Amino acid sequence: MKIRRLLTRWVGLIAVGIRRTASRATHTAKQRSRFSVLGVAVAIALLIMVTGLGVGLATSTTVYDDDVDYWIVPETDSPESPLIATDNIQFSSVHETNDRIHGYDGVDATTPVLAQVLRIESSDTAEYILVVGVINTPELDRVVGVDSDLLTPQDPYYANGEYNGEWTGEVVLSDGAADILATSPGESVAVAGNNTFTVAAIDNQSSSTGDIPTALVQLSELQQITGAAEYDQADQFVVSTNSPSVQNKLEGVYPQSSVQTRGEMTANQVAESDLSLALALTALVVSLSIGTLFVVTTSGLEIVADQQQLAVLSAMGLSIKSQLQLVGTQTVVLTGLGGLIGTIGGLAGIRLINTIAIRTITTEPIATSHPVFIVYGIGVALVVGLLSLPVLLLTARRVSGGVP
């Protein structure tokens, strides 16, 4: 019977606390209550958005659209990004394999990619530049942000399985590379000591790849001057297609390789560096801190302002213990409401982040949205309320006179 009476008493106090909170939020203390809810909501919204971004990077979230690019890269434990790695495991017999991939249904364009950081000398200066070798086809468009159509198609130096065809000596420079080399189209440059290269064009590198000084050359010619021609080697393959089913075929091209979308390649280094986990943990700590400060400040001021009302409750015979239960209920209700509003705002923010990302820097969403975020957001908000309780209860006890 005692347990039943205690439970009934608790339910009654909680109900009174909820009604009191609703009354204060709509009539007697609207501004302070709304500030408490707003502070928690903003903190939780930021938490949900940053967590969604972190999870998206960690899981390499992708969706298929009308322009899907796949990268075939060797499986490696190297800390370097596979997009620009210059000393990782390489594929061999890449010209033959490229012809096989190009024969798959749905493949629009494909090329092996060999990337090396090499010394390029012009008449005025010499600098180390990222040199990328590709096989140009009309459908290829851009590699590392530089227009590959400015090269002669089909890698003419590699002919009939031998490196004895026509040497083009073409090099296409990005704006950044041309600036630091102080060169212009038609001028001769030496790539890794080879003086048979001529600047065919200077291209405005696409902003999505960053401003990396880059030189684009024929794959076989780069292989020849770097020693990769002996086994016909390259670092990775890029495949352009509008058919997602091609991915299954690409996974069997080489053993110990992985097939990733362009979005996964961009996120790969971020995920491996545990940045996504750091983002999520930082967001959690910041949200708990900001939310707790908001609740303690606004609710603490409200308790002080309610000193007279608490005195009336004491005069009516309501013990300080019961008053503290009312304060605790009010705090939990306000933080829970803030968590709900913040979670909804955070999920909307994730949609906004993905929309902006798709329109500016990528072709696919970069942040993940999941129903479990609703539980996560509200749960963190309630933790904020619990963290705020000790200070608020101490304040309420002092204001009430400190005697139960």
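These figures come from a predicted structure and were not determined experimentally.
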Test item: [X] side-chain N/O and [Y] main-chain N/O as donor-acceptor pair under 3.5 Å:
| X | Y | value |
| --- | --- | --- |
| Asp235 | Ala115 | yes |
| Asp203 | Asp147 | yes |
| Thr111 | Ile135 | yes |
| Ser122 | Leu181 | yes |
| Ser257 | Tyr254 | yes |
| Thr241 | Gly106 | yes |
| Asn136 | Leu151 | yes |
| Tyr70 | Val246 | no |
| Gln116 | Leu130 | no |
| Asn354 | Ala367 | yes |

ask   = Charged N to carboxylate O below 4.0 Å: is that the case for Arg142 and Asp149?
value =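 Salt bridge absent between Arg142 and Asp149.
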ask   = Less than 4.0 Å between a side-chain N and a carboxylate O, is that true for Lys249 and Glu251?
value = no
For [X] and [Y], which I'm curious about, is there any donor-acceptor pair between the side chains at under 3.5 Å?
| X | Y | answer |
| --- | --- | --- |
| Gln223 | Gln233 | no |
| Thr152 | Glu170 | yes |
| Glu139 | Ser240 | no |

Is there a side-chain contact between [X] and [Y] (heavy atoms, below 4.5 Å)?
| X | Y | answer |
| --- | --- | --- |
| Asp232 | Glu96 | no |
| Pro74 | Phe91 | yes |
| Phe237 | Val113 | no |
| Tyr376 | Ile48 | yes |

inquiry  = Looking at Asn248, I want to see if its CG is surrounded by more than 12 non-hydrogen atoms of other residues, nucleotides or ligands under 6.0 Å.
reply    =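 Yes, enclosed.
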request  = May I ask you to check whether over 12 heavy atoms, not counting those of Arg351, lie within 6.0 Å of atom CZ?
outcome  =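 No, CZ of Arg351 has 12 or fewer neighbouring heavy atoms, counting only those of other groups under 6.0 Å.
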query = Would you call the rings of His95 and Tyr163 parallel, tilted or perpendicular, where under 30° means parallel and over 60° means perpendicular?
reply = perpendicular
